[in-house]
Enquirer: 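The structure's right below; bear with me while I get my questions together.
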Amino acid sequence: MSEVNLGDAPFTMTIDGKRVEARPGEMVLAAAKRAGIAIPTLCEHKAVESFGSCRLCMVEVTKAAWKGWKGLMTACLYPAAPDLIIETQSERVLHVRRNVLDLLLARCPDSTLIQRLAAEHGVQQTSFSVREQPDLCILCGLCVRICESAATSAISTVKRGHHREIGTPWGGPPPACIGCLACAHVCPTGHITFEEHGATRAIWGRSFELQRCAECGAPLPITVEQASFLVERQALDASYFSRCESCQRRATAQTFGRLARWQKLGLTQEPDARQEGGKR
Amino acid sequence: MAETAQARFASVEAFLRHAALLKTSPEATQRRVLVCLGTGCMASGAREVAAALERALAALPAERRVALNLCMKKTGCHGFCEKGPLVVLWPEATFYKGVKPKDVPELVERGIVGGEVIERLLYVDPKTGKPVEKYGAIDFYARQTRIAMRNIGLMDPANLDDYLLRDGYQALAKVLAGWSPEQVLKEIEQAKLRGRGGGGFDAGRKWRSCKSAKGTPRYLICNGDEGDPGAFMDRSLMEGDPHGVIEGMAIAAFALETREGTIYVRQEYPLAVEHLERAIADARARGLLGERILGTDFSFDIQIARGGGAFVCGESSALMRSVEGKVGEPRAKYVHATDKGLWDKPTVLNNVETFVNVPRIVEKGAAWYASIGTARSKGTKAFALTGKVKNTGLVEVEMGTSLREIIFGAGGGMLVDGPKGAFKAVQTGGPSGGCLPESLLDLPVDFDSLTDAGSMMGSGGMIVMDHSTCMVDVARYFLSFLTDESCGKCVPCREGLYQMYRILSRIAEGQGTEADLAKIEDLSQAVAVGSLCALGKSGPTPVLSTLRYFRHEYEAHIKEKRCPAGVCKALITYSIDTSACDGCGACLAACASDAITGTPKKGETFQINTLQCDKCGACAAVCKRGAVAIS
Amino acid sequence: MILRLVVKPQECIGCRACEMACAFTHGKDGQPAASRCQTMTVGKDEYVPMMCLQCDHAACVQSCPVSAITMNPATRTVLVDHERCIRCMACVVACPFGNMHFDPSRTLIHKCDLCAGCGDYPRCAMFCPTKCLTVERVTESSPA
């Protein structure tokens with residue numbers, strides 16, 4: 001499809017017989033979502049670019065001008081365009097979805113998310129050979145992508161085909177990991193786990209010290225490595241990540257209390273709430 | 001030979017003058033000893049043969065050498081790799097095969113100096129049993145129409161003047177002498193050239209949509225990541241005619257008005273890289289690449305990118321990611337590469353064979369090219385013919401040539417005589433292609449006919465199978481290749497092909513059920529439409545095509561627990577036919593698992609203990625009397 | 001229309017009606033953890049209700065590695081896109097006023113959004129008995 005200059009004006013297309021408004025540049029999935037039409041996804045997350053690997057969001061796409069030709073496309077990557085006619089529940093769509101979920105169930109029989117999605121598509125148990133020693137990883141690649149875009153590209157997919165897995169090129173814990181937990185939080189099946197005890201956090205076989213509050217010494221919810229990474233990446237002052245939430249709040253409250261006291265005594269102006277952020 | 005380190009051609013006229021002069025030079029009339037140094041011949045010892053020839057020729061008295069007006073050329077692949085090392089005498093076109101270093105003295109003394117024909121080194125026609133002297137008289141070559149491969153084997157790929165002697169860079173000069181980019185585009189469109197990489201997409205249309213896409217710069221990529229097992233036409237072209245690739249790209253670049261080109265060469269092709277690098281450097285030095293080519297305003301240069309070593313990197317979107325230095329994984333192509341390809345800029349990607357055709361089209365005209373081939377597939381196609389045929393190697397034939405003509409004409413027919421050796425199927429299109437049965441032997445081969453028949457053109461792999469091949473086993477083999485080579489990004493390809501492989505294994509092991517057959521068919525359909533890239537989408541083809549044409553073999557495995565070809569180990573037993581056995585004991589010595597008992601003595605015979613038997617087939621292979629029966 | 005929540009701590013009597021209103025509006029069953037507003041005791045009978053100040057150059061916005069926190073230019077309200085948020089906690093630590101919160105029971109970052117999408121009128125102000133919390137509507141985009 002060559003890119004059509006659509007300008008900025010919204011346009012309409014048809015999804016499951018319903019007129020849906022879409023905006024230039026957005027994908028079918030986003031337009032459907034806004035219109036309240038549910039399309040299942042597993043590898044989609046707003047914080048990363050669409051990937052098209054789970055194949056669950058496939059929809060059938062056609063146009064009146066296409067003379068009956070219909071294509072199966074992933075809604076997450078297919079650009080919305082005027083006059084598209086989209087079916088999200090056609091037999092062809094459901095056939096692919098059923099097979100994808102059946103295959104994923106053979107891969108991750110213990111994932112409650114996959115179980116639920118499969119059951120919703122009439123697959124109660126897999127019809128394929130279940131993987132030996134299954135885990136919860138469906139290889140959606142969200143962890144790798146979020147690590148690339150929001151952290152340090154510490155993890156990647158390694159090996160090919162059926163041997164593909166998430167890890168580091170030479171095995172072992174990822175040296176570049178900063179323990180930010182973004183991977184764990186975007187993981188749709190809960191495969192990536194971490195532990196936190198006191199001021200230590202453990203993930204990917206590595207252990208991280210948590211940053212401590214400069215005032216009370218309590219551990220902050222970010223690691224030392226994460227703090228320095230954020231300071232550099234977001235171009236911020238190190239003081240941004242030096243004190244805990246309660247100390248910050250208490251100090252602010254006391255300032256405001258003092259101002260209020262003065263106000264009561266008619267000493268100064270009303271405290272202006274809209275002051276600049278950043279450190280005092 | 002003229003030095004390639006000569007001055008740049010300052011203008012198109014200067015180039016044409018030099019090319020014309022070259023044709024009247026002594027070099028043009030020299031007698032040539034062409035030694036194939038393609039990868040295939042090199043593997044069978046061509047380097048030693050070349051060295052011995054060089055020494056022997058150098059040892060000739062000087063006045064003899066002059067009188068003979070002789071030169072030796074190390075050429076690219078002749079395509080008949082099976083018969084290597086190959087030596088051809090030109091212009092008399094005497095073709096010697098299987099030349100060993102020890103044959104060299106005789107070859108020089110009698111063959112070259114004496115002008116005799118050395119019969120024992122000639123190719124013997126398997127049909128007539130008679131030796132064939134001339135290159136062009138050998139069926140393998142006589143049945144070919146070489147357009148893309150026209151230079152290979154007949155010149156030194158590392159020598160630019162050699163290429164010029166074969167009308168090299170004439171097409172580029174013609175274009176630069178006054179064509180407009182639009183004119184080139186129109187010519188390619190009218191020639192109806194289709195991409196030789198697999199998809200068969202109209203090259204002219206591709207170039208046109210890239211040119212009308214928004215954004216600059218535009219990029220040009222030549223896909224030399226030929227990964228299909230057994231296929232090596234692009235390798236031969238890059239190794240044997242590197243200037244042909246460069247010239248084709250330069251003309252494409254002129255049409256697209258782009259300055260930057262990349263050749264992506266498969267990791268395993270070091271010789272191709274070497275030859276391309278040399279050719280690029282030579283072309284640059286002579287003003288045929290780089291700034292202001294032939295003194296015109298057109299500038300274009302080429303860089304080489306080494307492949308990532310993965311089959312999937314040949315997929316265009318994965319290839320572009322790999323060039324960008326990212327992981328070579330495909331991405332969805334709803335926005336075409338011609339709009340957003342390399343670095344998200346409009347990009348044209350064609351394979352090696354496609355580019356090599358371009359100068360020929362410009363030279364001889366679109367009408368000439370469009371007159372060759374079928375209605376919708378023009379020109380020729382190179383195939384890598386392998387398997388159970390007499391002549392294996394690279395075969396370039398006109399589009400529309402029948403499978404029968406390729407296999408029984410150029411291919412020389414089936415390798416093994418007898419019922420077991422009769423034709424059973426031909427697999428086209430590489431690992432994700434399909435298997436076609438005997439009933440389709442008269443199918444005219446082109447892009448569309450193969451697709452309609454449930455297979456594909458692919459890059460041009462062609463594997464011939466006889467009745468000793470089990471189609472379930474074949475499907476399983478290709479699925480195992482694809483399972484390994486799948487990048488693993490999307491679910492249907494990664495998990496689906498793997499599960500298909502599991503089901504095929506079950507069937508081959510006699511554990512299959514009829515439900516398995518229905519299951520694998522259903523899954524194949526889902527993988528074929530649900531996968532992200534062409535590798536996954538075509539992955540089920542080996543299964544679907546064998547199911548379509550050889551369903552009875554699957555059924556025999558499932559219902560009768562029998563492998564008709566006697567291949568699937570779990571379903572066969574070895575026994576000794578006592579009536580045929582002469583008690584030589586060869587089987588006894590060959591058996592690695594002590595499953596054969598008996599005493600080697602005339603009149604005695606042997607028994608195979610089926611429980612002990614590994615079914616490795618070693619006994620059957622050594623038995624000269626065919627007394628080992630497989631059932 | 002710019003919405004501005006005006007806080008006059010001198011009027012606060014520490015009744016925590018604002019916290020209850022907030023918790024019931026934004027969380028299930030009024031769990032206190034769901035409240036984006038916290039009343040701090042700063043002296044004898046001196047209280048300060050604390051909630052997001054909707055800073056113009058907010059530290060939370062600057063620290064977010066996935067740009068999940070943005071200011072709605074029309075209402076001048078700083079909002080978290082929960083679908084984009086990766087719960088890395090950078091904003092929670094970065095806020096110099098301690099007004100970004102993490103709700104572990106729902107694994108959500110939350111902050112005062114001036115009840116955007118929940119009636120679009122701060123519920124805390126609605127329930128404040130002393131007019132310590134009031135709402136101002138400003139039409140022109142006046143510099144803060």
Side-chain angles (χ1 to χ4, degrees), chain A residues 1-5 27-28 42-43 49-56 58 60-61 71-79 81 92-108 126-131 138-141 144 148 156-165 169, chain B residues 208-210 212-215 310-312 326-336 338-340 346 480-503 505-506 515-516 518-519 522-533 535-537:
Chain A
M1 210 135 328
S2 63
E3 214 167 311
V4 191
N5 187 9
M27 299 296 151
V28 166
L42 281 170
C43 67
E49 277 181 36
S50 293
F51 198 49
S53 75
C54 76
R55 317 306 286 170
L56 217 49
M58 288 208 119
E60 205 159 353
V61 180
L72 276 179
M73 314 288 179
T74 42
C76 65
L77 286 166
Y78 198 82
R92 283 219 297 163
V93 166
L94 293 177
H95 177 240
V96 172
R97 263 186 222 160
R98 265 198 307 275
N99 269 288
V100 164
L101 289 164
D102 198 341
L103 289 165
L104 284 176
L105 204 53
R107 179 182 173 83
C108 303
T126 181
S127 53
F128 301 112
S129 325
V130 172
R131 188 162 58 128
I138 56 168
L139 289 170
C140 64
V144 173
E148 189 186 339
S156 57
T157 49
V158 292
K159 300 187 204 162
R160 282 199 304 253
H162 193 250
H163 303 291
R164 185 181 174 103
E165 57 187 33
Chain B
R208 171 79 66 194
S209 50
C210 172
S212 48
K214 269 187 304 186
F311 181 68
V312 73
K326 298 180 186 135
V327 177
E329 272 174 16
R331 57 180 195 186
K333 285 194 267 193
Y334 303 140
V335 177
H336 288 305
T338 46
D339 284 311
K340 278 186 177 176
S480 111
F481 175 87
L482 294 168
T483 308
D484 280 346
E485 291 295 342
S486 157
C487 76
K489 177 173 173 175
C490 77
V491 177
C493 177
R494 181 186 69 233
E495 309 289 338
L497 293 181
Y498 172 71
Q499 293 291 354
M500 286 165 69
Y501 171 72
R502 296 278 300 251
I503 296 174
S505 299
R506 269 210 303 278
D516 277 339
K519 187 76 221 168
D522 183 72
L523 179 58
S524 294
Q525 307 288 356
V527 174
V529 292
S531 294
L532 193 152
C533 81
L535 173 66
K537 284 195 164 95

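Within every chain, numbering begins at 1; the chains are lettered A, B, ... in the order of the sequence lines, protein sequences first and strands thereafter.
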Enquirer: Any chance you could measure A:N99, atom CG, to B:E495, atom CD, to the nearest 0.5 Å?
Expert: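 Between atom CG of A:N99 and atom CD of B:E495 there are 12.5 Å.
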Enquirer: Between A:L72, A:L139, A:I138, A:V100, which has the largest tally of heavy atom pairs under 4.5 Å with chain B?
Expert: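 Max contact count across the listed options: A:L139.
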Enquirer: Can you tell me if CD on A:E49 sees more than 12 non-hydrogen neighbours from other groups inside 6.0 Å?
Expert: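 Atom CD in A:E49 is not packed in, count stays at 12 or less.
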Enquirer: Take B:L497 and A:H162, measure what side-chain contact (heavy atoms from CB on, under 4.5 Å) needs, and give me the verdict at the end.
Expert: CA-CA 9 Å; B:L497 293 181; A:H162 193 250; over 6 Å; no
Enquirer: Checking A:L56 against chain B: side chain, backbone, both or neither under 4.5 Å from a heavy atom?
Expert: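 For A:L56, there is no contact with chain B at all, as no heavy atom is under 4.5 Å.
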Enquirer: May I have the step-by-step check of side-chain contact (heavy atoms from CB on, under 4.5 Å) for A:T126 and B:Q499, ending in yes or no?
Expert: CA-CA 11 Å; A:T126 181; B:Q499 293 291 354; over 6 Å; no
Enquirer: If I compare all heavy atoms of B:K519 with all of A:D102, which pair ends up nearest, and what's the gap?
Expert: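 Looking at all heavy atoms of both residues, the closest pair is NZ-OD2, 3.7 Å.
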Enquirer: Does any heavy atom of chain A fall under 4.5 Å from the side chain of B:K489, the backbone, both, or neither of them?
Expert: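 Both parts, heavy atoms under 4.5 Å.
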Enquirer: Would you mind checking which part of A:R160 comes under 4.5 Å of any heavy atom in chain B, side chain (CB onward), backbone (N, CA, C, O), both or neither?
Expert: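 Contact with chain B: backbone and side chain both.
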Enquirer: Given heavy-atom pairs under 4.5 angstrom as the criterion, report whether the side chain, backbone, both or neither of B:A515 touches chain A.
Expert: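 For B:A515, no heavy atom lies under 4.5 Å from chain A.
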Enquirer: side-chain contact (heavy atoms from CB on, under 4.5 Å) between B:E329 and A:T157: does it pass, once the steps are laid out?
Expert: CA-CA 11 Å; B:E329 272 174 16; A:T157 49; 3.8 Å; yes
Enquirer: Closest approach of B:V491 and A:R55, non-hydrogen atoms and distance?
Expert: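 In terms of heavy atoms, the two residues are closest at N-CG, 4.4 Å.
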Enquirer: Heavy-atom cut-off 4.5 Å, strictly under: side chain, backbone, both or neither for A:R92 against chain B?
Expert: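 Side chain of A:R92 only, per the 4.5 Å heavy-atom cut-off to chain B.
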Enquirer: What are the two closest heavy atoms between A:V96 and B:A526, and how far apart are they?
Expert: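 In this case the closest contact between A:V96 and B:A526 is CG2-O, 4.2 Å.
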Enquirer: Please confirm whether the backbone N or O of A:T74 pairs with a side-chain atom of B:Y334, one donor and one acceptor, at under 3.5 Å?
Expert: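 Yes, B:Y334 side chain to A:T74 backbone: donor-acceptor pair under 3.5 Å.
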Enquirer: Between B:C490 and A:G52, which heavy-atom pair has the shortest distance, and what is it?
Expert: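 Minimum heavy-atom contact is CB-O, 4.5 Å.
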Enquirer: Between B:L523 and A:L103, does the side-chain contact (heavy atoms from CB on, under 4.5 Å) criterion hold? Intermediate values first, please.
Expert: CA-CA 10 Å; B:L523 179 58; A:L103 289 165; 4.0 Å; yes
Enquirer: Flag the one option from A:G141, A:C43, A:S127, A:S50 with the top tally of heavy-atom pairs under 4.5 Å to chain B.
Expert: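 Among A:G141, A:C43, A:S127, A:S50, the one with the most close pairs to chain B is A:S127.
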Enquirer: Which atom pair, heavy atoms only, marks the closest approach of B:D522 to A:H95?
Expert: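 Looking at all heavy atoms of both residues, the shortest contact is OD1-NE2, 2.8 Å.
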Enquirer: Just give me the residue among B:G488, B:G496, B:P492, B:C493 that pairs up with chain A most often, heavy atom to heavy atom, under 4.5 Å.
Expert: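 Going by pairs under 4.5 Å, I would pick B:G488.
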Enquirer: Among B:R502, B:R331, B:R506, which has the most heavy-atom pairs under 4.5 Å with chain A?
Expert: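 Counting heavy-atom pairs under 4.5 Å, the top option is B:R502.
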Enquirer: So what's closer than 4.5 Å to chain A heavy atoms on B:Q525: side chain, backbone, both or neither?
Expert: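 B:Q525 touches chain A through backbone and side-chain heavy atoms alike.
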Enquirer: Is it the side chain or the backbone of B:S531 that comes within 4.5 Å of chain A heavy atoms, both, or neither?
Expert: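 When you check distances to chain A, only backbone atoms of B:S531 fall under 4.5 Å.
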